Amino acid sequence: MQKAGAAMPERDLPFEAAIDRFRGLLKEQAERVERIGKPTEWLDYATLDRLVIGVVGGDGIGPTIAKEAKKVLEVLLSGELKSGRVEIREIQGLTIENRAKQSKPLPDEVLEEIKKCHVLLKGPTTTPDEGSGLPNIESANIAIRKAFDLFANVRPVKVPSQGIDWVFFRENTEGEYVLGSKGIMVTPDLAVDFKVVTRPGSQRIIRLAFEHARKTGRRRVTVVTKANIIKTTDGLFLETAKKVAKDFPEINWDGWYVDVFTAKLIDEKRRREFEVVVLPNLYGDIVTDEAAELQGGVGTAGSANIGARFGMFEAIHGSAPRMVAEGREEYADPLSLMRAGVMLLEHVGMLEKSRRLSMALDVCGVYEQRLKVTGRADGAKASQFGDYVVSALSDPRLEERWVAHQKG
Ligand code: NAD
């Protein structure tokens, strides 16, 4: 060791250390490519005798909104809960206090409990910031996505009055995030992070987006990258899209660069034309928050994290510590997590239940708005909005109320 050090110019020493770490990262990623490249059989939820839905409260406003989302699911699924066909199981311990105590993003005993469920409805979880005094642990979300290989983050955004009906497919396990906490500080003045895109990783998310378009009768898939500049990784994503698209000749597809695509999302005329959008991880993260804002804010948007054998459904926002610090958590909007519930029911094949919940949320949260959640004391509490949705679900005229707004 000393010998090698002596032979090497001193200024190259940090590079050697960085190259060693880089070699390790490449090995890890090559193993992952091999793993995800193998064919996987999708879980067929219709074959289950008993569906177990796990519910995790999470941190900050999480427990408040999770309680309301659970409440509406319990009303909607009362028959199935009674017969034992469905179980809703609360999972404890995915709190920042427990994760910090164990210095683990996903404590083993929590992971074991989650593994006993078929799908998870999850409240947002806090990821400690630098300087927060908490251990520098990875995001619990990223840990769950990795543990269950939840490669697709699906985020619908709808604003019927403006002709907006988008479904975003964000790649969930690669890009800048997969090695997000493994960047290298090569020298005190030189920081390097990594972006990873793989062929099987791109194929599976792009294929899922095209299949969704086909299944739902949509005619267009838009692929968003920055392949003109980030030529290797985004280039591979775009090249993969071109190949996958050949299997879906009835669907039009086009490629956009993320900068102009982001601009077009606020162009009222052009944005109506988008239908299904598929993007690598970081662009997907940013663009879907922008899109959710057009729908009424992050508090209104749900998302699905889908893998072949497990699904996690959550709000697109975080634990809103500012709301908690200001004592406003009871005014948090539970619509986001209820929308995630709609996606959960659809994913497990309970299409009629999913449609009914979606109608109730449209009626209460978009059309009638007899109670409005503003995030502040001038609006309704999460629990009041929960009761409003429960009353809509119990109304035999719910569909009529919903249809009236479709026409008008
Ligand atoms: P945030 O999404 O938690 O909140 C930003 C702001 O959005 C809030 O201050 C509030 O004004 C508004 N908001 C969010 N949800 C709302 C709701 N349901 N009702 C009304 N208003 C709502 O963003 P942040 O402050 O950047 O993140 C806080 C923490 O959450 C961080 O630790 C972050 O890492 C984590 N996070 C977790 C997830 C997840 O678990 N999926 C996602 C994003 C962020």
Side-chain angles (χ1 to χ4, degrees), residues 55-69 91 94-97 99-100 105-106 110 114 120-148 150 153-155 170 172-173 177 180-181 281-282 284-293 295-306 311-341 343 361 365 371-386 389:
V55 177
V56 161
D59 302 312
I61 61 169
T64 306
I65 61 173
K67 185 173 168 204
E68 299 312 310
I91 294 175
L94 199 69
T95 58
I96 185 61
E97 293 78 14
R99 284 178 283 131
L106 181 54
V110 179
I114 296 177
L120 189 69
L121 188 68
K122 177 189 159 289
T125 38
T126 299
T127 305
D129 286 331
E130 217 190 322
S132 64
L134 294 168
N136 184 20
I137 44 177
E138 192 183 34
S139 130
N141 251 19
I142 293 182
I144 296 176
R145 287 173 192 166
K146 278 188 193 162
F148 294 93
L150 305 178
N153 190 196
V154 188
R155 298 183 171 191
R170 164 190 169 194
N172 220 11
T173 49
Y177 291 52
S181 50
N281 207 340
L282 176 63
D285 192 3
I286 297 169
V287 165
T288 53
D289 269 23
E290 183 198 8
E293 201 61 30
Q295 181 184 253
V298 292
T300 65
S303 80
N305 296 271
I306 292 177
M312 172 173 78
F313 300 81
E314 54 173 0
I316 76 161
H317 56 75
S319 54
R322 200 169 304 136
M323 289 187 81
V324 178
E326 292 171 9
R328 294 189 282 122
E329 66 262 47
E330 59 185 341
Y331 296 100
D333 198 341
L335 192 55
S336 51
L337 206 53
M338 293 181 185
R339 292 268 186 216
M343 301 178 81
L361 299 182
L371 282 180
K372 218 172 161 170
V373 181
T374 62
R376 300 184 175 273
D378 61 357
K381 291 182 180 171
S383 58
Q384 292 170 318
F385 188 79
V389 175

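Both counts, for ligands and for their atoms, begin at 1 and track the order of listing. Note that the structure is predicted; figures quoted are calculated from it, not measured. Just so it is clear, the values below take in all heavy atoms, side chains as well, and ignore hydrogens, waters and symmetry mates.
Near ligand 1, I61, K122, P124, T125, T126, T127, N141, V298, G299, E314, H317, G318, S319, A320, P321, M323, A332, D333 each place a heavy atom less than 4.0 angstrom from the ligand.
The distance from atom OH of Y331 to atom CD of Q384, rounded to the nearest 0.5 Å, is 7.5 Å.
With sequence neighbours excluded, no residue forms a ring pair (Phe, Tyr, Trp, His ring centres under 6.0 Å) with Y177. Contacts of D129 classified as side chain to side chain donor-acceptor pair (under 3.5 Å), with partners at least two apart in sequence or in another chain: none.
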Please table the atom pairs, donor to acceptor, closer than 3.5 Å between any side-chain atom in residues 58-69 and protein atoms at least two apart or in another chain.
{"unit_1": "D59", "atom_1": "OD1", "unit_2": "I96", "atom_2": "N", "d": "2.8"}
{"unit_1": "D59", "atom_1": "OD2", "unit_2": "R99", "atom_2": "NH2", "d": "2.4"}
{"unit_1": "D59", "atom_1": "OD2", "unit_2": "T126", "atom_2": "N", "d": "2.8"}
{"unit_1": "E68", "atom_1": "OE1", "unit_2": "K71", "atom_2": "NZ", "d": "2.7"}

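A donor-acceptor pair under 3.5 Å is formed between the side chain of N153 and the backbone N or O of A304. Of the possible donor and acceptor atoms, one in the side chain of R328 sits under 3.5 Å from a partner among the backbone N and O of G375.
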